[in-house]
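Keep in mind the model is a prediction, meaning the values are calculated, not measured. To find a chain, count down the sequence lines: A is the first, B the second, and so on, and within it residues start at 1.
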Amino acid sequence: MSEASTTAAVQVTGVDKVFTAKRKPSVTALDSIDLTVAPGEFVSLIGPSGCGKSTLLRLIADLDTPSAGTLTVFGKTARQARIDQEYGIAFQQSGLLPWRTVAANIELPLELHGVNSAGRKKRSAELLALVGLGDFAESYPDQLSGGMQQRVAIARALAESPRLLLMDEPFGALDEMTRERMQTELVRITGETGAAVVFVTHSIPEAVFLSNRVVVMSPRPGRIRDILSITLPGTADRDEHLREDEAFFENVSRVRELLHGEAPVGIKPTAARGVENR
Amino acid sequence: MRASAGSLRTVLAPVILGVVALALWQLLVVAFDIKPFIVPGPLAIGTEFGDNISSVVAGALVTGGNALVGLVIGGVVGILFAVLAALARVVDELTAGLVAALAVVPIVALAPVLYTMFGAGAETARQLVAALAVFIPVYINTLRGLRQVRPVHRDLMHVYAASAWQTTRTVTVPGALPFIFTGLRIASSLAVISALIAEYFGGPVGGLGKSITSAASSSNYNLAWAYVLGAIIVGLVFYCVTLAIETFATRHYKPRT
Ligand SMILES: Nc1ncnc2c1ncn2[C@@H]1O[C@H](COP(=O)(O)OP(=O)(O)OP(=O)(O)O)[C@@H](O)[C@H]1O
Ligand SMILES: [Mg+2]
């Protein structure tokens, strides 16, 4: 632990990402991004649609490569970190395999990496208990609600006890009540596992409730406008009551001001995503 | 509740239509005194069918057996080639021409040639004709299905650093299952038709196809039609069984997660 905690979980230095397509203007999705995520730290990325949040996450996950700059995960290249399974990932769509049971879905990464059947069973039972789906091991994804499917996807992301979790709007498709419950559960789960998290969201209260730090981004080109430390109790001590707390609202307004306040004209959370004009 | 009422209606409607059509057919045959060599009435066919049930069943087993062998061989080979074509571009390019050629060849036309190749005493030629007819739709549908991997699943397998073979086995092929079954369902009818028609061109006696031709050539028209009825039933059984397997195998596929 002490040795690992000296290297950053994620270190992004001067990263650009330009998408080029034939007969279309190129899109600068990310422009000189610098970001460090400490081990065990919960960092949210927030910003209007199209500001490059997903792109940044995909670069960290080595699902895409930067056009410039360097990016390391636990001191390794993103590619090596992926091959070493240093992170778990959850997308906005749960991406469960519909032909596999819930337990078999959670066991998928273990199965691919050669864990024996007894070990897989034990681990999936632990994880199902962790996400509160102990009774659904043999159900199929189509028999679960959206929130339950998302919890399965999170359990799957945790299957190999990664030190880093990457999450792209995992609660985006859920209703407000389910969403708040899932946030509370995520705080508990990351508290128990001690994993660092990079969490993409559109919701200011969600970012504040979950995070140690909130990264506010702006579009065209995608840049980090500011990074805000949340002045709330440690994430492990956060619970439902915090949502009613004065300090919580203060932090929410600080993020909101950063998002809207100093914005140059024309930048709103509703700004259209897609092609850049200039 | 609603589903069972709906399925009752989907079963009942064609049954009623069928009964009405049969009654009308019988009425026309009697009213216009239509001769059996043109078309016998359903009652005559039914009686003949009942009287010769053992030889119809025996014929159905021969023809159905050939169709089944063809369906299994053609299906397995079609799926395997599609998987190879999805994995390796070279295979795809090599087979594309062959498949295009096979698709335009009327497969049963090969039957006489195959009889001389494998000997007129064996069922091999018929099974091969059925297998070839099955191969095409299974291959084409499977390949289409294998190319429909959802981006989120592709990303996931990349994240897990899964090998090409692992990805094929855990995501690509299971994801293509609905397409594979569509191919097999189309192919199941083709298998029966091909096995049946192939009998017209030679080979051992005993199958439904041979029985139809020999009954017709000896002017036993009612019996010929009874064998035709047997062939229709074999075709329906093949279709319904593949449909049932398909429905069961893809029961969890509908909502996208
Ligand atoms: N594969 C791609 N090819 C071309 N352009 C892309 C690609 N992926 C993203 N972009 C562009 O990069 C920019 C950032 O996209 P990204 O998906 O990262 O935004 P986002 O912040 O995640 O938005 P949202 O909140 O809507 O998910 C957008 O302008 C988008 O059109
Ligand atoms: Mg996004």
Side-chain angles (χ1 to χ4, degrees), chain A residues 54 57-58 60-65 78-102 104-105 107-114 138-153 156-157 159-160 162 164-166 168 173, chain B residues 1-3 75 79 82-83 86-87 141-185 242-257:
Chain A
S54 298
L57 204 75
R58 290 178 65 84
I60 299 171
D62 190 41
L63 287 167
D64 217 329
T65 47
R79 185 180 142 75
Q80 192 57 46
R82 172 175 64 79
I83 291 167
D84 295 349
Q85 300 295 304
E86 291 286 2
Y87 67 82
I89 193 163
F91 304 97
Q92 179 164 11
Q93 294 175 300
S94 67
L96 301 177
L97 304 180
W99 51 87
R100 281 179 168 241
T101 62
V102 164
N105 263 290
E107 291 169 22
L108 176 69
L110 303 169
E111 188 184 315
L112 291 171
H113 301 135
E138 295 311 310
S139 300
Y140 283 85
D142 66 335
Q143 297 163 332
L144 305 183
S145 71
M148 290 156 90
Q149 289 175 11
Q150 211 48 262
R151 277 190 272 171
V152 176
R156 181 180 61 186
E160 294 176 292
L164 173 65
L165 265 181
L166 305 176
D168 193 349
Chain B
M1 286 286 114
R2 180 122 49 94
I79 294 168
V83 169
L87 277 174
N141 278 285
T142 304
L143 193 54
R144 187 183 303 157
L146 294 174
R147 295 199 167 131
Q148 311 259 328
V149 183
R150 292 178 55 205
V152 58
H153 289 162
R154 196 178 300 131
D155 283 351
L156 206 61
M157 296 315 273
H158 185 70
V159 161
Y160 294 145
S163 67
W165 174 240
Q166 283 180 322
T167 306
T168 304
R169 195 163 43 81
T170 47
V171 169
T172 319
V173 172
L177 223 55
F179 290 83
I180 296 176
F181 273 112
T182 305
L184 282 174
R185 185 155 36 84
T242 39
L243 183 65
I245 297 173
E246 173 181 5
T247 311
F248 178 76
T250 59
R251 67 199 182 286
H252 291 300
Y253 277 64
K254 251 170 247 146
R256 300 203 125 187
T257 49

Practice item. May I ask you to say whether A/Arg58 pairs ionically with A/Asp168, meaning some side-chain N is under 4.0 Å from a carboxylate O? Key: no
Check your understanding: Side-chain contact, heavy-atom cut-off 4.5 Å: B/Arg251 with A/Tyr140?
Key -> yes
Exercise for review: Applying side chain to side chain donor-acceptor pair (under 3.5 Å), name anything that partners A/Glu107, two or more places apart in sequence or on another chain.
Suggested key: A/Ser124
Review point. What residue, out of A/Pro109, A/Gly88, A/Ala61, has the most heavy-atom pairs lying under 4.5 Å from chain B?
Key: A/Pro109
Review point. Counting N and O atoms only, with roles assigned by atom type, does the side chain of A/Glu160 sit under 3.5 Å from a partner on the main chain of A/Gln85, one being a donor and the other an acceptor?
Key: no
**Study point:** Close contacts, residues 172-184 of chain B versus chain A, judged by heavy atoms under 4.5 Å
**Key:** B/Pro174, B/Gly175
Check your understanding: Side chain, backbone, both or neither: which part of A/Gln143 has an atom under 4.5 Å from a heavy atom of chain B?
Key -> side chain
Practice item. Determine the option with the most heavy-atom pairs under 4.5 angstrom with chain A, choosing from B/Thr250, B/Val159, B/Thr170. Key: B/Val159
Practice item. Just grab all the salt bridge (Lys or Arg N to Asp or Glu O under 4.0 Å) pairs involving residues 160-175 of chain B, residues at least two apart or on different chains. Key: none
Review point. Judged by atom type as modelled, is there a donor-acceptor pair below 3.5 Å linking the side chain of B/His158 to the main-chain atoms of B/His153?
Key: no
Point to revise | Contact origin within A/Leu144 toward chain B - heavy atom pairs under 4.5 Å | key: neither
Check your understanding: Can you name the residues that form a side chain to side chain donor-acceptor pair (under 3.5 Å) with B/Arg147, not counting sequence neighbours?
Key -> B/Asp92
Practice item. Taking the side chain as every heavy atom from C-beta outward, state whether A/Tyr87 and A/Ile60 have any atom pair closer than 4.5 Å. Key: no
